[in-house]
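Scroll down for the structure; my scribbles are underneath it.
Ligands are counted one by one from 1 in listed order, and the atoms in each one are counted from 1 as well. Along the sequence shown, the residues carry numbers beginning at 1.
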Amino acid sequence: MCGIVGYIGKRKAYPILIKGLHRLEYRGYDSAGVALINEQGQLNIYKAKGKVSELEAYAADKDTGGCIGIAHTRWATHGEPNTVNAHPHYSESERLAIIHNGIIENYAVLKAGLKEQGYTFKSDTDTEVLVQLIEYTQVNQHVDLKTAVQLALQQVIGAYAIAILDKTHPDTLIAARKGSPLVVGIGEDEYFLASDATPIVEYTDQVIYIEDEEVVSLRVGEKVDITTINNVTKTPEIKRLELSLSQLEKGGYPHFMLKEIFEQPRTLTDSMRGRVNVRQDNIALSGFIDNKDRFLNAKRIIITACGTSWHAGLIAMYAIEEFAQIPVEVEYSSEFRYRKPVINKDDVVIAISQSGETADTLAAIQLAKEKGAFIFSICNVVGASIPRVSDSGCYTHVGPEIGVASTKAFTAQVTALTMLALCIGREKGTIDKDQFVSIVRELVQIPAKIERVLGEDKRISDFAKIFSYAQNFIYLGRGYNFPVALEGALKLKEISYIHAEGYPAAEMKHGPIALISQEMPVVVVAPRCGTYEKVVSNIQEIKARKGRVIAVVTEGDELVSRIADYTIEVPATEECLTPLLTVIPLQLLAYHIAVVKGCDVDQPRNLAKSVTVE
Ligand code: AGP
């Protein structure tokens, strides 16, 4: 996600815009830019790769005059993070300037049409297509900017929050949104615009939250004008801001981690957008489509990753072997890079990394490349080192993950890997068509089902108060949920500093059952699928030895609810998709226990968000 800021009013715009970008930098910092109309009516755009401070350094000796402007801090989705792709973007005539947060799904079709009309493009972004479309509409239909924005957005499929300037009308700032947030701040003879209220709160507490498919026109001395993209006039609803600045950066949550846990319904929707087409019962992953033969001819798939990303890889092993019937090995990158592994030219190596900068995973990729393997990466940061050295890949598009403990990136990784397994299986004919269709249709239901699990948050925080005393935990699961047990244990370890181990449930009798006691809670991931009956037996073995069990169960499961001490319910779903639901209670349990213990949830001791050293 990106951050956008706008200003029109009595003051110099530039300082307000830059300060606003700093407030929004947590939303993304691949590049930053500003567009200003100065007193001479010149439209100046300055932009720089990297953080906002880079932009400030670049603009230090430039003309940053003017009382109207827009600014943008980018989280790249289309096009590498560089100056050319940085926002704002000029229109062809350089009369207009636009900034955008979102994804225009049909940008390729729109771009082809504009090229036929003679338009040229400097960047790889979908945003530049939009500003060209708006200019084309304005010129060819002889309409004002607001009308051109309305007409252009009627053709757009996707999500957007935009702000646009026309240097021939320096008294007007136009903005619009659909699917990405946009807030207007109302000051004395001045208006503010931003992705959220953090850049606004220090100037005014009077705000208007723009709704989907609304276009807002701001002119000093006039009331806020809001219409729909179909030009239906709307009455602005002015609200008073009640949150502090620090709370606002976290979206009102006490920690980034909790915000990111609760973002997962939206972030999974974002990561499936333009890829899962439920109307056509199909999945389209461009990285797979462009490299089909490599996957179809692969004798083996090697997955290399670290930490939570390694857990996602373990889940992928179950899915790929079940649906694509290709042997999979899941390797810790730090071991793989040094153990002199056998790697063949027809191997496919899948590298998974949220940050795209993990040193061990980067080194593992380099080793595999030297041996001629095909590298496919699953990453959350466009243009990071790992995607840059990979042959192809799939971005997870969940926006910056600030909390050190990975949550929304994990569920997006599992989603991307499941989609990949399904695509390979479909192409190879190793998955039954009906099963494929059933899973695809269930996949798009997952965000709403996660929403239901998040509704258990209060109960889970109550459990946290009961169990925060524990010095040790064991997490158990089988099949697709064995890696979920590992992930749950890691979450607890890294933010609450309580020792926790994840195990295949059946492994209990090979040693760990000797540890069972009242003092060591056992979390069992027991959805009603796969080897459910065997997991129930494992729970009974624990109870027979006076263990205390917290079980994650399928809604309506009365059997385990009778045996376990505490249960957390998740909706039923396809077995291969259960990790997307069963991990949510484990994320929340770890979070709440850490909070009860007074730990630094977002920045746990000794850890870093990206381990760029060995
Ligand atoms: C997970 O919560 C941790 N932050 C850590 O295990 C992390 O998953 C690991 O360092 C890998 O990071 P990456 O996905 O950015 O490569």
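By the criterion of a heavy-atom distance under 4.0 Å, the side chain of Thr358, and not its backbone, is placed next to ligand 1.
For Gln603, the CD atom sits in a loose shell: 12 or fewer heavy atoms of surrounding residues, nucleotides or ligands are nearer than 6.0 Å. Other residues, nucleotides and ligands place no more than 12 heavy atoms under 6.0 Å from the CD atom of Glu335.
Here the heavy atom of the protein found nearest to atom 14 (O) of ligand 1 is Ser309 OG, 2.5 Å. Of the protein's non-hydrogen atoms, the one nearest atom 15 (O) of ligand 1 is Ser355 OG, 2.7 Å. In this structure, atom 9 (C) of ligand 1 lies nearest to the protein heavy atom Cys306 O, 3.9 Å. Counting only heavy atoms of the protein, atom 4 (N) of ligand 1 lies nearest to Val404 O, 2.7 Å. Among protein heavy atoms, atom 8 (O) of ligand 1 sits closest to Thr308 N, 3.1 Å. Among all non-hydrogen protein atoms, the one lying nearest atom 10 (O) of ligand 1 is Val611 CG2, 3.9 Å.
Taking each heavy atom of Thr73 and Leu24 in turn, the nearest pair found is CG2-O, 3.8 Å.
Aromatic ring centres of Phe473 and His499 lie farther apart than the 6.0 Å criterion allows. Separation of the Tyr253 and Phe262 ring centroids falls under the 6.0 Å cut-off. No close placement of the Phe482 and Tyr318 rings is indicated, their centers lying 6.0 Å or farther apart. A ring-centre distance under 6.0 Å is not found for Phe376 and Phe288.
For ligand 1, the atoms closer than 4.0 angstrom to any heavy atom of Ala405 are 2 (O). Which parts of ligand 1 touch Ser353 is read off a 4.0 Å heavy-atom cut-off, strictly below it: atoms 13 (P), 14 (O), 15 (O), 16 (O). Interface atoms of ligand 1 facing Lys491, defined by a heavy-atom separation under 4.0 Å, are 1 (C), 2 (O). For ligand 1, the atoms lying closer than 4.0 Å to a non-hydrogen atom of Ser406 are 1 (C), 2 (O).
The shell of residues lying under 4.0 angstrom from ligand 1, judged by heavy atoms, excludes Glu357.
For the pairing with Thr411, the side-chain contact (heavy atoms from CB on, under 4.5 Å) check across Leu580, Val398, Ile446 returns one residue only, Leu580.
Side-chain polar atoms of Glu442 and Thr573 form a donor-acceptor pair below 3.5 angstrom.
Counting only non-hydrogen atoms, the option in Gln413, Met257, Glu494 that gets closest to atom 2 (O) of ligand 1 is Glu494.
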